[in-house]
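Report on the following structure.
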Number of protein chains: 2
Amino acid sequence: MDSLGFKHHDHSTCISGGVAAVIQSCKEAGLQFTPVRKRVLELLLERHRAVGAYEILDTLREEGLGSQPPVAYRALDFLVKHGFAHKIERLNAFIACAHPGDNHSPAFLICRSCDAVAETATVAAGGRLGQAAEETGFTIERTVLEAEGVCPNCQGKPE
Amino acid sequence: MDSLGFKHHDHSTCISGGVAAVIQSCKEAGLQFTPVRKRVLELLLERHRAVGAYEILDTLREEGLGSQPPVAYRALDFLVKHGFAHKIERLNAFIACAHPGDNHSPAFLICRSCDAVAETATVAAGGRLGQAAEETGFTIERTVLEAEGVCPNCQGKPE
DNA sequence: GCGCGACACGTTATACAATAACACAGGTGC
DNA sequence: GCACCTGTGTTATTGTATAACGTGTCGCGC
Ligand SMILES: [Zn+2]
Ligand SMILES: [Zn+2]
Ligand SMILES: [Zn+2]
Ligand SMILES: [Zn+2]
């Protein structure tokens with residue numbers, strides 16, 4: 001599975017493709033894909049890993065697109081809200097979505113050595129937990145599923 | 001399942017039992033269960049919900065057990081490291097473990113209305129995600145599984 | 001007894017993450 | 001013009017977490 005993420009790939013098409021897909025989605029949904037939002041999405045796609053809000057903000061500041069935290073957070077909130085990016089709770093950081101457009105409940109594999117993050121899909125309230133929830137009458141609305149470990153490229157590396 | 005957590009129960013035994021179990025574990029493993037660590041565990045058990053580090057710290061300060069953030073974080077790190085408590089990444093908060101002693105990979109049901117948190121068990125690197133990881137050669141060491149929704153007691157409540 | 005390392009604890013300072021609150025600017029509909 | 005909505009700019013503040021350094025204590029080998 002290519003989109004699973006630890007492989008090398010043509011990164012420029014990865015960015016342009018991602019941006020194009022989001023432009024399309026916004027057009028269809030009547031959302032405003034403003035310059036700040038676009039730039040933040042590009043930054044996430046460029047980095048291709050989880051990025052902290054303040055790292056985003058530093059870049060925006062250098063480029064004159066905004067210098068205060070709310071600027072970055074508002075753009076990130078927009079992207080997350082509409083499924084174009086995800087927040088990695090474990091890292092308090094953000095990453096571009098690997099399959100924008102789909103309505104999905106993502107899961108992540110996080111490498112603790114190189115910080116790479118791969119997105120994959122889960123069954124919405126699936127498996128064991130969904131079962132336990134149903135038994136007790138708990139209604140699941142959203143799940144966070146993040147696995148931490150070592151990616152194939154970092155296997156065997158010291159520390 | 002009683003330990004799943006949204007039901008009423010005898011809370012005093014819940015605390016004393018939890019502390020006793022941890023004392024026992026520490027004795028066996030040769031760990032130091034110091035006053036600060038004990039008090040923090042008690043606080044988590046008393047609250048019986050996710051508690052922020054600074055809320056813990058406030059109480060420690062009132063009781064003269066420490067006044068600076070590292071005091072609370074060190075105790076919490078100890079408890080988490082040895083499986084006596086867990087961090088809820090989604091809330092940036094901590095909760096006492098419901099089955100201390102067992103070596104387990106916990107999952108949580110978080111009520112967005114009343115903030116109750118129930119701990120349940122998962123298969124270690126289970127299901128879909130474990131499969132995807134194996135296929136790509138990713139080694140999972142730890143998983144975060146947190147479901148957000150509405151608990152049975154809050155179903156139908158306004159807002 | 002003495003030196004030493006391991007570990008817990010105390011304290012200062014700082015970094016990083018997130019939001020509240022208010023002002024302003026541009027469109028759109030009437 | 002005017003009300004309304006959405007996005008942006010800015011100031012200030014709160015919340016979360018760690019770096020770095022010093023102190024005290026205990027157990028161990030000598
Ligand atoms: Zn996604
Ligand atoms: Zn890696
Ligand atoms: Zn547990
Ligand atoms: Zn509830």
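Labels below follow one simple rule: chain letters A, B, ... track the order of the sequence lines, proteins then strands, and each chain is numbered from 1. Remember, it's a predicted structure, so these values are computed and weren't measured experimentally.
- Between A:Asp77 and A:Arg74 there is no salt bridge, since no side-chain N of the basic residue sits under 4.0 Å from a carboxylate O of the acidic one.
- Spacing between atom CG of A:Leu91 and atom P of C:dC16 amounts to 15 Å, rounded to whole angstrom units.
- As rounded to whole Å, 9 Å separates atom P of C:dA18 from atom CG of A:Leu76.
- We find that CG of B:Asp77 is positioned 12 Å from P of C:dC9, with the value rounded to whole Å.
- The CZ-P distance, from A:Phe94 to C:dA17, rounds to 9 Å in whole Å.
- In terms of heavy-atom proximity, A:Leu79 sits nearest to A:Arg37 at CD1-O, 4.2 Å.
- No salt bridge links B:Glu148 with B:Arg112; every basic N to acidic carboxylate O contact stays at or beyond 4.0 Å.
- Spacing between atom CZ of A:Arg74 and atom P of C:dC24 amounts to 15 Å, rounded to whole angstrom units.
- By the 30° and 60° cut-offs, the orientation of the rings of B:His11 relative to B:His48 is tilted.
- Residue A:Cys114 comes nearest to A:Cys111 through the heavy atom pair N-SG, 3.3 Å, listed as atom of the first residue, atom of the second, then distance.
- Atoms CG (A:Asn92) and P (C:dC16) sit 13 Å apart, rounded to a whole Å.
- A straight line from OH of A:Tyr73 to C1' of C:dA20 spans 14 Å, rounded to a whole angstrom.
- Distance alone, capped at 3.5 Å, places no donor-acceptor pair between the A:Glu119 side chain and the A:Pro106 backbone.
- Bracketed by its first and final contacts, the part of DNA chain D lying under 4.0 Å from non-hydrogen atoms of chain B reaches from D:dT16 to D:dA19 in 5' to 3' order.
- The ring pair (Phe, Tyr, Trp, His ring centres under 6.0 Å) search around B:Phe94 returns none, not counting sequence neighbours.
- Salt bridge status for A:Arg90 with A:Glu146: absent, with no side-chain N to carboxylate O gap under 4.0 Å.
- For the segment residues 54-70 of chain B, residues with any heavy atom less than 4.0 angstrom from an atom of DNA chain D are, sorted by number, B:Tyr54, B:Pro69, B:Pro70.
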